[in-house]
Amino acid sequence: MTDREVKKPTAHELMELHAGALFTYDRNMRLQTINEPWPGETAAPRFFLGRTIEGTSVCRFRHDVPEELVRQLEDLGADEPKVTDFRTKPKHFATYMNLLQGITFTTGPCFEIPGEAVPSMQVMEITRGNMEGLMHGGFEWLASEIDFAQPCVALLYENRAVSVCRSVRITPWAHEAGLETLDEFRGRGYAAAVAAGWAKEVRRAGAVPLYSTWSDNLASQRVAGKLGLFYYGVNFTIV
């Protein structure tokens with residue numbers, strides 16, 4: 001099969017890739033930690049629900065959620081309708097929160113960066129070997145992550161990185177984008193350019209480039225709009 005004949009993942013398959021990239025799992029496919037590529041561990045949420053535009057759902061549960069409760073949540077997840085507006089809460093939102101005695105939740109849209117996306121400006125890959133002198137003025141912190149968050153792509157302004165997209169959740173099958181632009185350089189299209197450049201490198205490595213954000217992050221949603229990203233669903237977690 002040639003590259004042109006590779007079957008495009010369905011929305012449900014993309015949501016499975018998304019859930020796989022976000023967390024680490026035990027042998028029973030229960031959530032353990034956030035899948036951060038750099039050293040350190042952050043506990044995973046107790047419940048993950050990924051609703052898709054196809055009307056299917058992906059449910060994941062932390063290792064300490066009781067089996068009886070898992071079965072209840074799975075039944076509710078299977079009853080979620082097709083999602084269109086990512087601002088709409090899950091059909092069974094109140095029941096999820098009640099069952100898990102939840103106080104804090106997160107939600108936001110999920111996208112795939114298509115293969116047709118190309119940088120509209122010149123960008124460059126950043127590694128430990130070439131980053132010296134480029135990270136001053138705002139991206140000094142990236143030195144502690146650069147060996148783990150690869151690929152990493154930056155846009156330079158006057159020989160200084162001002163917008164960066166890197167892999168912040170990584171599996172052999174999919175990478176999740178981490179996108180940062182310095183405040184004074186926002187609104188110039190730089191973020192869209194580095195995201196497209198990063199996606200190109202992820203695909204070159206044989207993985208699917210995914211982009212997700214929070215429902216109230218309007219800047220990230222504008223980047224998705226500029227790039228024409230494929231919207232496949234909404235994630236929802238209860239911590």
Side-chain angles (χ1 to χ4, degrees), residues 3-4 6-23 35 48-58 82-90 106-123 125 149-155 162-181 185-237:
D3 289 343
R4 291 183 179 180
V6 172
K7 182 177 178 292
K8 181 177 175 58
T10 65
H12 186 84
E13 289 168 339
L14 288 169
M15 189 60 77
E16 292 271 10
L17 290 173
H18 176 59
L22 289 184
F23 312 111
N35 183 33
F48 168 90
L49 170 68
R51 297 175 290 149
T52 75
I53 61 172
E54 298 169 344
T56 60
S57 297
V58 173
K82 178 170 64 175
V83 64
T84 52
D85 186 346
F86 64 80
R87 291 173 288 267
T88 302
K89 289 180 180 178
T106 68
T107 186
C110 304
F111 306 91
E112 178 197 16
I113 303 181
E116 299 79 24
V118 295
S120 58
M121 307 174 196
Q122 185 175 358
V123 298
E125 286 189 77
Q150 289 290 327
C152 178
V153 171
L155 187 145
V162 297
S163 186
V164 169
C165 189
R166 70 207 192 283
S167 295
V168 294
R169 307 285 183 264
I170 301 171
T171 70
W173 306 279
H175 290 209
E176 284 280 344
L179 184 59
E180 303 278 349
T181 301
F185 292 94
R186 293 181 178 177
R188 304 186 187 185
Y190 294 173
V194 293
W198 168 83
K200 181 179 178 182
E201 297 306 320
V202 171
R203 288 192 182 278
R204 194 194 305 272
V208 178
L210 301 177
Y211 181 99
S212 57
T213 187
W214 307 122
S215 291
D216 59 356
N217 191 333
L218 301 182
S220 286
Q221 292 162 32
R222 284 194 291 270
V223 172
K226 288 178 182 177
L227 284 173
L229 305 192
F230 174 63
Y231 166 66
Y232 63 86
V234 180
N235 65 38
F236 169 78
T237 69

Are [X] and [Y] packed together at the side-chain level, in the sense that at least one heavy-atom pair is separated by less than 4.5 angstrom?
X      : Y      : answer
Tyr232 : Glu54  : no
Pro209 : Arg203 : yes
Leu227 : Tyr211 : no

Are any side-chain N or O atoms of [X] and backbone N or O atoms of [Y], one a donor and one an acceptor, separated by less than 3.5 Å?
X      : Y      : value
Tyr231 : Thr84  : yes
Glu13  : Thr10  : yes
Arg186 : Ala219 : no
Asn35  : Arg169 : no
Glu180 : Cys165 : no
Thr107 : Asn235 : yes

Residues Val123, Trp198; criterion side chain to side chain contact (heavy atoms under 4.5 Å, CB included); working and verdict:
CA-CA 9 Å; Val123 298; Trp198 168 83; over 6 Å; no
Pair Glu116 + Lys8, salt bridge at N-O below 4.0 Å:
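So Glu116 does not pair with Lys8 through a salt bridge.
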Verify whether the ring centers belonging to Phe236 and Phe48 lie closer than 6.0 Å.
no
Run Cys110 and Val234 through side chain to side chain contact (heavy atoms under 4.5 Å, CB included) and show every step you take.
CA-CA 5 Å; Cys110 304; Val234 180; 5.7 Å; no
Side-chain H-bond candidate by donor/acceptor type, [X] with [Y], under 3.5 Å:
X      : Y      : result
Thr56  : His12  : yes
Gln150 : Ser167 : no
Trp214 : Ser220 : no

If you look at every heavy atom in [X] and [Y], which pair is closest and at what distance?
X      : Y      : answer
Gly233 : Val83  : CA-CG1, 4.2 Å
Val223 : Ala192 : CG1-CA, 4.0 Å
Ser215 : Gln221 : O-NE2, 2.9 Å

Give the C-alpha distance, both sets of side-chain angles, the deciding distance and a yes or no for side chain to side chain contact (heavy atoms under 4.5 Å, CB included) between Thr52 and Ser57.
CA-CA 6 Å; Thr52 75; Ser57 297; over 6 Å; no
Measuring from atom OH of Tyr190 to atom CG of Leu155, what distance do you get when rounded to the nearest 0.5 angstrom?
6.0 Å
Distance col, row His175:NE2 vs Glu201:CD, nearest 0.5 angstrom, shows 11.5 Å
Would Leu22 and Glu176 count as a side chain to side chain contact (heavy atoms under 4.5 Å, CB included) here? Give the steps.
CA-CA 8 Å; Leu22 289 184; Glu176 284 280 344; 4.3 Å; yes
